[in-house]
Amino acid sequence: YVMERAGVLKFFLSSSRYSKTCFLSIFQSDILICRFKKTILCPETSCFMWFICKCRELESLTIPMQWHSSLVDDITAKVSLTCSTSLGSYKVESRITSRFCHTTVKSSVVNSGPNAQSIGFNVQIPKQAFITNFTMNVNGITFVGSVKEKTVARNLYAQARARGKAAGLVRANSQDMETFKTEVHVPPGSKIEFELHYQEMMQRKLGFYEHSLHLQPGRLVPQFQVDVYIYEPIGIASVETPNTLGEHFSGMAKLTSSKDKAHVVFKPSLQQQRKCENCTTSAIDGIFTVKYDVLRDSNVSDGHFVHFFAPANLSPLPKNIVFVIDVSGSMWGVKMKQTVEAMQTILDDLTMDDYFSIVDFNHNVRCWSEELVPGSTIQVAEAKKYIQNIKPNGGTNINEALMRAVQMLVKASNQGMIDPRSVSMIMLVSDGDPTVGEIKLSAIQKNVKKVMREEFSLFSLGIGFDVDYDFLERIAMENRGVAQRIYTSHDASDQIRRFYSQVSSPLLRKITVQFPEDSVSDVTQNHFDKYFSGSELVVAGKVLPSESTTLNSFTTASADRLDLSLQTEADYLELDAALAQQQHAFTGFARQMWAYITVNQLLAERSMAPTAGQKRKITQRILTLAVEHQFVTPLTALLVESEEAKERLLADSPNDPKQGCCVVCLCVFCVTVENDPHFIVHLPKNNMDICFNIDSEPGHILNLVSDPGAGMRVHAKKVCIFACKEKVNTYFGTISVFYQPDGISVSVMKDSKVMVTVDDKITVMVLLHRVWKKHPTHVDFLGLYIPNNNQYSSQAHGLIGQFGQEPEVRVFNLHQGADPLKKEATMEVKGNKLVVTRGWQKDYRRDQKRGSDVFCWFIHNSGKGFIDGHYTNYIVPRLDSFLPLPL
């Protein structure tokens with residue numbers, strides 16, 4: 001296959017039965033710019049992708065659009081998409097002072113293409129961090145951020161939209177990291193500079209602080225640099241930079257350190273960034289980590305103090321632990337396998353001084369042993385055998401399982417089996433909400449709190465996103481424990497083991513840190529139930545004016561064989577003087593750290609507030625502190641404004657930062673907008689959401705997924721309300737999931753949702769959306785949610801199934817639409833040019849009553865041009881039909 005036009009491009013492809021060899025020559029006028037050859041097993045377009053942007057000169061090269069070959073059209077789109085922007089610099093700087101970190105991420109981008117386009121800025125930040133500012137400079141116009149109450153910020157943002165001014169919406173999505181993302185539409189030749197700031201307190205786990213930076217520039221960067229500055233006034237005990245980015249970057253992080261300072265710099269050259277010698281893609285994609293530990297004492301600075309407590313060389317307290325494990329049907333497959341793997345290791349960790357038992361539950365509750373038994377080799381072996389033979393099935397009776405676990409600890413305590421200095425705990429592992437017995441979460445929470453003794457603690461592990469993590473967190477915090485979400489990835493068993501290792505070695509009980517009454521105010525939590533090996537307790541507050549220049553602290557605690565009493569003394573002026581001499585120290589760390597700890601504790605108190613009045617008071621305290629210290633929290637937002645506030649963007653943190661579907665999933669679901677079912681498709685590679693309606697008739701059965709290779713199909717039947725008289729209002733009234741071979745698991749939550757798992761490879765969730773009984777127009781309807789990690793066969797298709805293979809999408813020519821509140825643009829997808837509209841649709845996964853807005857490009861005419869063929873091709877005669885032919 002040969003193409004040649006005006007000395008611009010020559011592309012030759014020779015193919016055989018087993019391989020394809022691509023030869024590429026790029027010319028400009030009569031001068032050869034570059035030539036490459038590669039033999040690969042791939043289709044023609046994939047073969048060409050290896051050559052995209054091989055030469056920097058290609059960024060200014062235009063391939064004539066008059067070539068009619070579909071291959072050339074595809075090549076042109078890929079060249080335009082890949083080469084029309086250039087990333088000039090990407091720099092990250094973290095300044096850590098006394099365990100409090102301020103991180104700045106800067107990026108500069110140039111639109112070097114011939115057309116106007118959207119330039120994006122995506123940064124993943126730690127879940128526990130607070131964004132403090134975001135600025136943007138577009139062709140000399142500076143946008144500056146300020147934190148405001150969420151309602152105030154949203155109103156100002158809405159005013160900008162109502163005036164037809166440019167306004168973008170920034171959302172955060174949560175997993176281990178949260179994604180901050182925004183985009184700005186700019187003309188050709190524009191230069192954009194982004195700058196994001198966030199702050200976090202370093203958490204000590206297993207004897208180390210770990211500072212993690214997610215580096216994902218997306219392409220080669222001429223100026224790429226990461227700097228981490230650590231200043232610990234009392235002294236640094238150790239610091240290391242584990243090679244978490246892979247062998248490609250082994251030894252490239254340079255570390256210099258002294259008694260109280262350390263500097264880590266990671267600055268790979270352009271050539272070092274390449275995946276291979278001639279590659280044009282960047283190998284930088286992952287977590288950059290710095291681990292360290294410190295010598296510790298109290299720090300006083302800027303009118304605030306921070307007291308650190310982490311004693312060493314103590315003997316572990318014996319523990320009494322009941323493992324409560326969910327074995328309902330939804331745990332079938334990988335979840336149960338990974339839980340069993342983790343439990344095998346956890347049980348091996350028990351000693352003869354420890355006592356334990358196991359409660360497993362589905363719709364019934366069973367006990368491996370009705371009484372606590374010592375962690376002997378024989379008992380551990382029997383328990384491991386019991387765990388190994390568990391077969392998940394049935395519903396979820398969390399309430400009775402927790403009651404049985406508490407009763408077991410109470411019985412052991414009453415019989416004198418429990419050492420008065422030991423630690424008693426319950427470790428709950430579950431992946432779903434209760435479906436059997438008591439299913440009201442607030443009632444379960446009250447029941448558990450009523451029977452839990454003060455010396456007992458509850459730790460919760462929530463597997464996946466089907467579980468109500470808010471509930472698990474509340475019930476754990478209310479009972480002197482903590483919660484942890486476990487992500488259902490390949491390392492879920494490691495996540496469970498790591499969590500257990502953090503709480504498996506209690507060293508102290510009943511710790512209290514006190515200060516002279518007339519010396520401090522606004523002190524954060526200073527009473528702690530337990531201290532675990534490798535962790536750290538932190539107390540902060542304000543220092544009151546005094547003639548003295550020292551602050552005293554008094555700490556009491558109960559250890560294995562004795563009670564401890566410690567006293568420390570810190571100088572008011574010493575640290576401020578030392579900070580003033582440090583170039584890279586964070587001088588306001590104590591003030592911000594106190595506010596950070598206080599806001600987080602207030603957010604926890606707010607989630608457990610028993611009355612609306614108390615919740616309002618706590619809310620007002622959070623708002624006051626968050627605005628004063630410029631923290632983006634679930635109650636505040638960052639309003640980013642241009643000069644004279646002509647243009648605005650809104651950085652809006654999610655109401656529930658612990659929940660949400662991950663950014664990389666293909667979230668396809670149908671809900672109701674203007675009454676007819678609509679679809680929202682998230683395209684992670686293109687970083688955009690696409691919406692379209694299907695305007696078929698009531699009674700039609702639409703094929704959503706058809707996969708003959710996997711023996712599976714998913715259909716939805718449209719129904720209408722009342723008699724469908726003048727205006728036809730339709731919904732999805734019936735959804736069928738058909739699977740022929742064995743291996744299907746079904747989990748049902750009454751009046752809420754059904755989760756179907758097929759052969760541990762494909763997951764489908766059907767949600768029931770309720771409306772109030774006497775609603776004049778709306779009725780109950782069904783929503784469908786399918787993640788993109790479903791393992792379909794190559795034959796998969798359907799309205800949803802076809803997007804398992806994400807199409808290339810390019811959006812350009814953004815302009816004012818007929819509706820002044822909605823922009824229009826041109827979209828190139830699957831060889832079609834479509835007129836699309838920017839708007840919002842509803843996602844009901846988190847809020848089943850009101851839904852949440854999703855910012856998306858709307859495809860008109862029932863998805864024509866975006867879906868393969870016409871929507872009528874997806875209408876099937878029966879709920880168990882396959883599509884007759886591939887489209």
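What you see below is based on every heavy atom in this structure, not just the backbone, and it leaves out hydrogens, waters and symmetry mates.
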Q: Any chance you could lay out the side chain to side chain contact (heavy atoms under 4.5 Å, CB included) test for Q271 and E277, step after step, and finish with the verdict?
A: CA-CA 7 Å; Q271 185 61 34; E277 185 177 356; 4.1 Å; yes

Q: Under the side chain to side chain donor-acceptor pair (under 3.5 Å) rule, what do D227 and Q225 come out as? Steps first, then yes or no, please.
A: CA-CA 7 Å; D227 288 285; Q225 184 165 338; 2.8 Å; yes

Q: Below 4.5 Å, heavy atoms only, C-beta onward: do I131 and L638 meet side chain to side chain?
A: yes

Q: Are L215 and F266 side-chain neighbours, meaning at least one heavy-atom pair lies under 4.5 Å?
A: yes

Q: Is the count of non-hydrogen atoms from other residues, nucleotides or ligands lying under 6.0 Å from E628 atom CD greater than 12?
A: yes

Q: How far apart are the closest heavy atoms of L255 and A262, and which atoms are they?
A: CD1-CB, 4.4 Å

Q: Given the ring of F589, does R591 sit roughly above its face, with NZ or CZ under 6.0 Å from the centre of the six-membered ring and within 45° of the axis?
A: no

Q: Please report the interatomic distance CG(L220) to CD(Q273), rounded to the nearest 0.5 Å.
A: 6.0 Å

Q: If you measure from OH on Y231 to OG on S98, what distance do you get to the nearest 0.5 Å?
A: 8.0 Å

Q: So, T244 side chain and I287 main chain: donor-acceptor pair closer than 3.5 Å or not?
A: yes

Q: Looking at NZ of K275 and OG1 of T280, how far apart are the two atoms once the value is rounded to the nearest 0.5 Å?
A: 10.0 Å

Q: Among side-chain atoms of S94 and H211, is any donor-acceptor pair under 3.5 angstrom?
A: yes

Q: Over all heavy atoms of both residues, which pair between C101 and M202 is shortest? Give the atoms and the distance, please.
A: CB-CE, 3.8 Å

Q: Between N111 and S190, is the side chain to side chain donor-acceptor pair (under 3.5 Å) condition met? List the steps.
A: CA-CA 5 Å; N111 178 10; S190 297; 5.5 Å; no

Q: Would you call P807 and L683 a side-chain contact if the rule is heavy atoms closer than 4.5 Å?
A: yes

Q: Please check this pair: side chain of R95 against backbone of F586, looking for a donor-acceptor N/O pair closer than 3.5 Å.
A: no

Q: Using side chain to side chain contact (heavy atoms under 4.5 Å, CB included), reason through K91 and Q223 one step at a time and then give a plain yes or no.
A: CA-CA 8 Å; K91 297 183 178 181; Q223 299 179 46; 3.8 Å; yes

Q: What are the two closest heavy atoms between K291 and P242, and how far apart are they?
A: CD-CG, 3.9 Å

Q: Set out, in order, the CA-CA distance, both residues' side-chain angles and the distance that settles side chain to side chain contact (heavy atoms under 4.5 Å, CB included) for H102 and T132, then state yes or no.
A: CA-CA 9 Å; H102 183 111; T132 57; 4.2 Å; yes

Q: At what distance, to the nearest 0.5 angstrom, does CG of L196 lie from CG of N133?
A: 8.5 Å

Q: Answer yes or no: does atom NZ of K830 have more than 12 heavy-atom neighbours from other residues, nucleotides or ligands under 6.0 Å?
A: yes

Q: Before giving the answer on side chain to side chain donor-acceptor pair (under 3.5 Å), spell out for H197 and T104 the whole-Å C-alpha distance, their side-chain angles and the decisive distance to 0.1 Å.
A: CA-CA 5 Å; H197 299 255; T104 305; 3.2 Å; yes

Q: If you take all heavy atoms of P233 and D260, which pair is closest and at what distance?
A: O-CB, 4.3 Å

Q: Would K106 and E93 pass as an ion pair if we require N to O under 4.0 Å?
A: no

Q: ring-ring contact (aromatic ring centres under 6.0 Å, His included) for F134 and F180? Distances and angles first, verdict last.
A: CA-CA 10 Å; F134 172 69; F180 175 94; 5.0 Å; yes

Q: Passes ring-ring contact (aromatic ring centres under 6.0 Å, His included), F858 versus F866? Steps please.
A: CA-CA 10 Å; F858 187 80; F866 182 67; over 10 Å; no

Q: Do Q592 and Q199 pass the side chain to side chain donor-acceptor pair (under 3.5 Å) test, and can you show the C-alpha distance, the side-chain angles, and the key distance before you say yes or no?
A: CA-CA 9 Å; Q592 289 296 97; Q199 295 177 358; 2.9 Å; yes

Q: Between F121 and S107, is any pair of side-chain heavy atoms under 4.5 Å apart?
A: yes

Q: Walk me through whether I125 and Y198 qualify under side chain to side chain contact (heavy atoms under 4.5 Å, CB included).
A: CA-CA 8 Å; I125 67 174; Y198 62 88; 3.4 Å; yes

Q: I need the I284 CD1 to M252 CE distance, nearest 0.5 Å.
A: 9.0 Å

Q: I'd like to know if the side chain of H248 and the backbone of G246 have a donor-acceptor N/O pair within less than 3.5 Å.
A: no

Q: Angle class for the Y596/F631 ring planes (parallel below 30°, perpendicular above 60°, tilted otherwise)?
A: perpendicular

Q: Does any N or O in the side chain of E806 come within less than 3.5 Å of the main-chain N or O of F803, such that one atom is a donor and the other an acceptor?
A: no

Q: Taking side chain as C-beta onward, heavy atoms only, is L603 less than 4.5 Å from I622?
A: yes

Q: When you compare the side chain of R810 with that of T826, does any pair of heavy atoms fall below 4.5 Å?
A: no

Q: Can you name the closest pair of heavy atoms from Q216 and Q124 and give their distance?
A: OE1-NE2, 4.1 Å

Q: Report the distance from atom CD of Q581 to atom CG of L579, rounding to the nearest 0.5 Å.
A: 9.5 Å

Q: So do V294 and Y209 actually touch side chain to side chain, heavy atoms under 4.5 Å?
A: yes

Q: Indicate the atoms forming the closest heavy-atom contact of T636 with A626, along with that distance.
A: CG2-CB, 3.7 Å

Q: Checking E828 side chain against V811 main chain: does a donor-acceptor pair fall under 3.5 Å?
A: no

Q: Report yes if some heavy atom in the side chain of T97 is under 4.5 Å from a heavy atom in the side chain of Y229; otherwise report no.
A: no

